[in-house]
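Report on the structure given below.
These numbers were taken from a predicted model, which means no experiment stands behind them.
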Amino acid sequence: MDYDPIRPVRYPTRVLEYCRLWPEKGSVLRPDWINWQGYLLHVIVTLIFVILLWVEAILSKDLEHTAEILLFCLTTTALVAKILNNWKNAHVAQNLLNEWSTLDLFKLKTKQEVDMWKFEHRRYSRVFVFYVMCSAGVIPFILIQPLFDVPNELPFAIWTPFNWHQKSLFWYPFIYEAIAIPILCACNITMDGVNWYMMLHLSLCLRMLGKRLSKLHHDDIKLKDRFLELVLLHQKLKRQALDIENFISKSIFTQILSPIMQDLPGFAAMMQYLLSMVMQIMLPSIYGNAVIDSANMLTNSMYNSDWPDMSPQMRRLILMFMVYLNRPMSLWANGFFQIGLPLFTKVINQAYSLLALLLNMNK
């Protein structure tokens, strides 16, 4: 069927290419450490910005101001970790995307499979666009509102070797932040989008495998060949699940350990930011849970096939494969957290418990 199976993820990867966080070549076997454009860009935009935030937090004598800056420091430091992870492991994700789009093993063969891909792609695109609007919609509030403050304030308080409160010097750090903040936001959004899509596509492949297993019939001349091909597909997906876990593990782990909170100007900006932060934890949990559910459905799909009328040899092969399927497939964040809906409820519950504890301490 003539349909691009990875259509929604091509736009985020193109943005990551511009930001030097994605391989420019079609398929590479190792990280591209000779990426001087990427180093130059993110040393100037990301690393220096993070260092200036930390220096401001260390040198600040106001406890409340220090606590506020530390929240931004944790956010940007987590982003640095995600950038380093992309430099190291983006080639793994790129190779997976090439396999999904080029290998015959993953080609969509029926209209039902194409319709399933189109439906999930449309739903993913809507969710991703909503996430972009929530996250990027905060930027105008951050950059425009300080211009109307008297005296002028920077969007993020950073350390500078000069007194930026002077009108003649205010514009230098402000222009730097006006350039850095949109770039950092674009990098963060697109890296999250790619992470979510990798899990979504894996779950779709597992659902496709389940449908193909359930359509096996005893009177098929090429029954054994088809079955072995599906077993090969499952083994391929098991390997890809490990590669996806390797790619998304550290970035999701940093997001879980570094919950982001900011005092944004205005109620509308705060609501947008809250939604985007919840989606950062909720969406990988949803798509990770889809991988678990799709993998668990394979046993039922195999059982629903026409196995009773197959030959004894085929029934033994199917039995061995069903026993093999009893080993669950799931994705883990750095080996500590299983990525699924229980993770989302656990994070929300812990966040609420911490909030309740802080409120009681204030009383």
Side-chain angles (χ1 to χ4, degrees), residues 9-58 69-70 72-98 132 135-136 139 142-143 154-162 172-198 243-255 257-258 260 280 333-334:
V9 81
R10 294 194 184 276
Y11 302 104
T13 54
R14 196 173 304 164
V15 174
L16 290 176
E17 283 185 20
Y18 294 143
C19 297
R20 302 298 177 181
L21 295 174
W22 196 261
E24 295 183 356
K25 302 176 184 178
S27 179
V28 291
L29 300 178
R30 59 183 62 87
D32 180 18
W33 295 116
I34 315 176
N35 183 16
W36 65 268
Q37 300 100 326
Y39 300 150
L40 179 63
L41 173 65
H42 290 286
V43 165
I44 295 175
V45 172
T46 308
L47 185 61
I48 292 180
F49 186 63
V50 173
I51 292 175
L52 294 178
L53 282 172
W54 278 105
V55 172
E56 176 69 14
I58 294 171
I69 298 174
L70 282 175
F72 306 144
C73 293
L74 292 174
T75 301
T76 50
T77 304
L79 179 58
V80 170
K82 292 167 70 173
I83 290 174
L84 293 175
N85 177 69
N86 258 56
W87 278 339
K88 181 181 178 182
N89 297 315
H91 69 285
V92 176
Q94 174 73 328
N95 290 333
L96 288 177
L97 295 178
N98 287 330
V132 171
S135 301
I139 296 178
I142 295 176
L143 297 180
L154 291 175
F156 293 101
I158 60 175
W159 177 84
T160 57
F162 52 84
Y172 294 105
F174 179 82
I175 292 174
Y176 172 72
E177 291 194 10
I179 296 173
I181 291 173
I183 294 176
L184 296 179
C185 183
C187 294
N188 194 32
I189 291 172
T190 49
M191 284 190 289
D192 286 341
V194 172
N195 289 349
W196 303 339
Y197 183 80
M198 301 297 290
D243 290 338
I244 293 173
E245 181 178 302
N246 181 45
F247 176 64
I248 69 175
S249 174
K250 293 180 177 60
S251 61
I252 294 181
F253 185 72
T254 55
Q255 288 176 190
L257 292 185
S258 304
I260 303 170
Q280 273 198 337
N334 211 38

Working to the nearest 0.5 angstrom, can you tell me the gap between F174 CZ and I179 CD1? 10.5 Å

Starting at CD1 of I252, measure out to CH2 of W196 and round the result to the nearest 0.5 Å. 9.5 Å

Gap separating the CG atom of N89 from the CG atom of N246, nearest 0.5 angstrom: 4.5 Å

Exercise: identify the closest heavy-atom pair between I69 and A57: CG2-CB, 3.7 Å

Of all the heavy-atom pairs spanning A186 and T190, show the shortest one and how long it is. O-OG1, 2.6 Å

Testing the basics here: between L16 and C187, what is the closest heavy-atom pair and its distance to 0.1 Å? CD2-O, 4.2 Å

Strictly by side chain to side chain donor-acceptor pair (under 3.5 Å), give each pair with a member in residues 174-185 just once, sequence neighbours left out. none

Passing candidate, side-chain hydrogen bond (donor to acceptor under 3.5 Å, both in side chains) with S251, options N188, N86, N195, N85: N195

Is the backbone of V132 close enough, under 3.5 Å, to the side chain of S135 for a donor and an acceptor to pair up by distance? no

Kindly give the heavy-atom pair with the smallest separation between A157 and L53, and that separation in Å. O-CD2, 3.5 Å

So how far is it from F156 CZ to I181 CD1, rounded to the nearest 0.5 Å? 4.5 Å

Which atom of L143 lies closest to which atom of A178, heavy atoms considered: CD2-CA, 3.9 Å

Check the pair T77, W54 against side-chain hydrogen bond (donor to acceptor under 3.5 Å, both in side chains), reporting the backbone distance first and the verdict last. CA-CA 10 Å; T77 304; W54 278 105; 3.0 Å; yes

Which heavy atom of I189 sits nearest to which heavy atom of A136, and what is that distance? CD1-N, 4.1 Å

I need the F247 CZ to M191 CE distance, nearest 0.5 Å. 9.0 Å

Hey, what do you get for CG (L96) to CE (M198), rounding to the nearest 0.5 Å? 4.5 Å

Taking the side chain as every heavy atom from C-beta outward, state whether W22 and V194 have any atom pair closer than 4.5 Å. yes

The salt bridge (Lys or Arg N to Asp or Glu O under 4.0 Å) partners of K82 (sequence neighbours excluded) come to D192

N/O donor to acceptor pairs below 3.5 angstrom from side-chain atoms of residues 37-52, sequence neighbours left out:
residue	atom	partner	partner atom	Å
Y39	OH	W33	O	2.7
H42	ND1	T46	OG1	3.1
H42	NE2	C19	O	2.8

